[in-house]
Amino acid sequence: MYPIMPFDGPSMPLGSASCTDLTDLTQPRSKSPDDFHHWEVADFIQAYISETMTPTEVAERAIRAIQDSEKRKPPLRAIIQYDVEEIRKMAAASTERYRKNAPLSPLDGVPVCVKEELAVVPYYHRAGTDCLGCDAPTTVDSTVAVKLREAGAVILGVSNMHELGMGVTGCNPNKLHGSARNPYNPQYFTGGSSSGSASAVGAGICPIAIGTDAGGSIRIPSALCGVVGLKGTFGRVSDYGGKLPDTPCECASLLHVGPIAASVRDAAIAFALTAGPDPKYPHGLNQPIINLENLENTNLTGIRVGVDWRYLRHSSNCIVAACEKAIEHLENCGANIIDVQIPELEEARVAHTCIVVMEMGAALAESFSTLYDKLTLPSRGLLAMRDTVPAFDYIQALKQKTRTMNFLKEIFNKVDVIITPGTGTLAPRTSLGELTYGRSPDEQDSAIMRYMFLGNLAGIPGVTVPIGYSSTNNLPMSLQVQAGWWQEAVMLRVAHAVERGTKHATPQVHFSLLG
């Protein structure tokens, strides 16, 4: 049922932090004056060590950024719950640690936010709804929130999301949420379901945010908002505290937790500090040690990059052209480009859809019957699909999962990574009707998540990285790099090389916490 693969080498000890050396990833790097760059973790560390700024001063700027983002027309709706005093308390503690030259980790004093699907004290755990988790704030942190606190990060609050995580646009008409807006053009959706997390990072409110991903919900909004989205191997990051309020775990065999970040380096740092075995999460108890020490080596000689060209070209012309240019850059870095064919893609897509519907429907069966009228029409329709899928089809979908894993295992014996577009189309434009009543899935939604399902069905790691912008509306385009189980290091190395070969555009909505 669960896409877990064995590995060679030692396991990461239970309860241990990542033992990979992150020193190189926290060193400031030169920035071209004619190329836009978000502030990275390394920039915050440099500011704190040099005493140019303190975590308290940065936190005050972040608070103003959140408040100013809500005064915009339309409001950004990225971070939807925050507590000024909580933010100041965490920032003050970090400032004192830096004064004593004793930061807890590279994330000490760095502002972050967490998707509302994950429990974060003292906020409501509503999962994008107006009816679940609304009785009282949560009193227990999710594991990823605990790890962020242990790292000294300043948690700004919880971020917006598509209702129940059941959508790829981020459209949420609920009165407590509203739809998060794309910082590159607020008249367009962010992608979903981790919409607010991607919007917050894209707008510069924080360099790192946490999302969840059962069908592209980290990678899609990252791709459409021009930032980096990382989903590790299934089980790498604990999803304890990530189930929907008052329900069993939804999409238990597909769900991943991971970072959305300003850069590949920042995604790697956040991944390393939040991954690892958790006794409260059995699926990730046995996993190999993370080693990211060669991530910034852009000499890709010997790296085998697989491309299924027919699959890649099933996307918008501008995205195909940007992907071809990025692949050419990888070849110039020394990578060996190898043609591959991924079998039974349509069967895998249908299997993924079947499993999502059945597992979400089962988790929400009780809530669905009592709170039906309080959910949006698109969510009601998707959850009702559970009754149309017989148990036989669910069993067949699980068999297809095994077949797909075996196909990918054979492919990864021949290549180190597989390259696809991040999405098959650009971010969709908002409309008054959809913002008011919600958006039902259509062909554009299918194109948005065309390259996502393999990663969740098979449990392989994937990362999306910006590769350019549409010439008509400046909306971001992205490339996805996927690797074999537990091979996040080579995946991130290739993604970093792609990033270094890309010129980045400035978002329409942007706040500078250090400038």
Side-chain angles (χ1 to χ4, degrees), residues 34-38 168-171 181-192 195 198-199 202 216 218-229 260 264 305-333 335 337 339 345 417-431 439 441-454 462-482 494-495 497-510:
D34 61 347
D35 189 10
F36 170 78
H37 288 281
H38 289 285
V168 299
T169 61
C171 179
R181 300 304 184 104
N182 194 316
Y184 275 88
N185 189 327
Q187 300 307 317
Y188 289 78
F189 285 115
T190 56
S195 52
S199 181
I218 288 171
R219 294 162 290 156
I220 288 170
S222 300
L224 298 184
C225 289
V227 292
V228 176
I260 293 172
V264 173
V305 175
V307 182
D308 185 329
W309 289 102
R310 183 179 178 184
Y311 188 31
L312 182 146
R313 288 177 175 140
H314 191 197
S315 58
S316 300
N317 290 337
C318 60
I319 294 175
V320 172
C323 287
E324 290 175 344
K325 182 179 178 181
I327 291 169
E328 182 181 351
H329 170 71
L330 290 177
E331 196 166 21
N332 291 336
C333 290
I337 309 301
D339 291 357
L345 282 167
V417 299
I418 296 172
I419 295 291
T420 70
T423 60
T425 189
L426 301 172
R429 191 177 181 89
T430 62
S431 72
R439 175 187 169 101
D442 59 16
E443 290 183 1
Q444 192 172 19
D445 293 50
S446 297
I448 289 172
M449 68 177 301
R450 181 167 293 138
Y451 302 99
M452 297 290 112
F453 59 86
L454 278 178
V463 59
T464 50
V465 59
I467 54 171
Y469 306 85
S470 166
S471 60
T472 56
N473 48 25
N474 204 42
L475 291 173
M477 300 178 288
S478 76
L479 187 82
Q480 178 175 223
V481 185
Q482 294 178 290
V494 172
V498 171
E499 180 181 66
R500 297 298 282 174
T502 301
K503 186 173 182 179
H504 302 85
T506 305
Q508 284 187 26
V509 181
H510 185 256

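Along the sequence shown, the residues carry numbers beginning at 1.
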Output all residues satisfying side chain to side chain donor-acceptor pair (under 3.5 Å) with [X], sequence neighbours left out; order by chain, then residue number.
X      : value
Ser431 : Glu434
Asp308 : none
Arg310 : none
Asn317 : none

Kindly compute the distance separating [atom1] ([X]) from [atom2] ([Y]), expressed to the nearest 0.5 Å.
X      : Y      : atom1 : atom2 : answer
Leu454 : Tyr311 : CG    : OH    : 5.0 Å
Leu224 : Ser195 : CG    : OG    : 11.0 Å
Leu426 : Gln444 : CG    : CD    : 8.5 Å
Leu475 : Cys225 : CG    : SG    : 9.5 Å
Thr430 : Asn182 : OG1   : CG    : 10.0 Å

Stepwise side-chain contact (heavy atoms from CB on, under 4.5 Å) test for Ile467 and Val498: CA-CA 7 Å; Ile467 54 171; Val498 171; 3.5 Å; yes

Taking every non-hydrogen atom, the tightest pair across [X] and [Y]:
X      : Y      : result
Thr502 : Pro466 : OG1-O, 3.5 Å
Gly191 : Pro221 : O-CB, 3.6 Å
Met452 : Gly216 : SD-CA, 3.5 Å

Residue among Val463, Leu330, Leu479 satisfying side-chain contact (heavy atoms from CB on, under 4.5 Å) with Val494: Leu330

Pairs where residues 218-229 contributes a residue and the test salt bridge (charged side-chain N to carboxylate O under 4.0 Å, His left out) is met, not counting sequence neighbours: Asp213-Arg219

[X]: side-chain contact (heavy atoms from CB on, under 4.5 Å) partners, not counting sequence neighbours:
X      : result
Ala223 : Thr423, Thr464, Ser478
Glu328 : Asn332
Ser316 : Cys318, Ile319, Thr425
Asp35  : Ser32, His37, Lys503, His504

Within the side chain of [X], is there an N or O that forms a donor-acceptor pair under 3.5 Å with the backbone of [Y]?
X      : Y      : result
Gln508 : Tyr184 : yes
Tyr451 : Ile419 : no
Ser222 : Ile218 : yes

Do [X] and [Y] come close enough that some side-chain heavy atom pair is under 4.5 Å?
X      : Y      : result
His38  : Val227 : yes
Cys333 : Arg500 : no
Met449 : Ile220 : yes

Counterpart residues, ring pair (Phe, Tyr, Trp, His ring centres under 6.0 Å), relative to Phe189 (two or more places apart): none

All salt bridge (charged side-chain N to carboxylate O under 4.0 Å, His left out) counterparts of Arg313, not counting sequence neighbours: Glu324

Pairs satisfying side chain to side chain donor-acceptor pair (under 3.5 Å), at least one member in residues 466-475, at least two apart: Ser470-Thr472, Ser470-Asn473

Heavy atoms from other residues, nucleotides or ligands near NE2 of His510 exceed 12 (cutoff 6.0 Å): yes

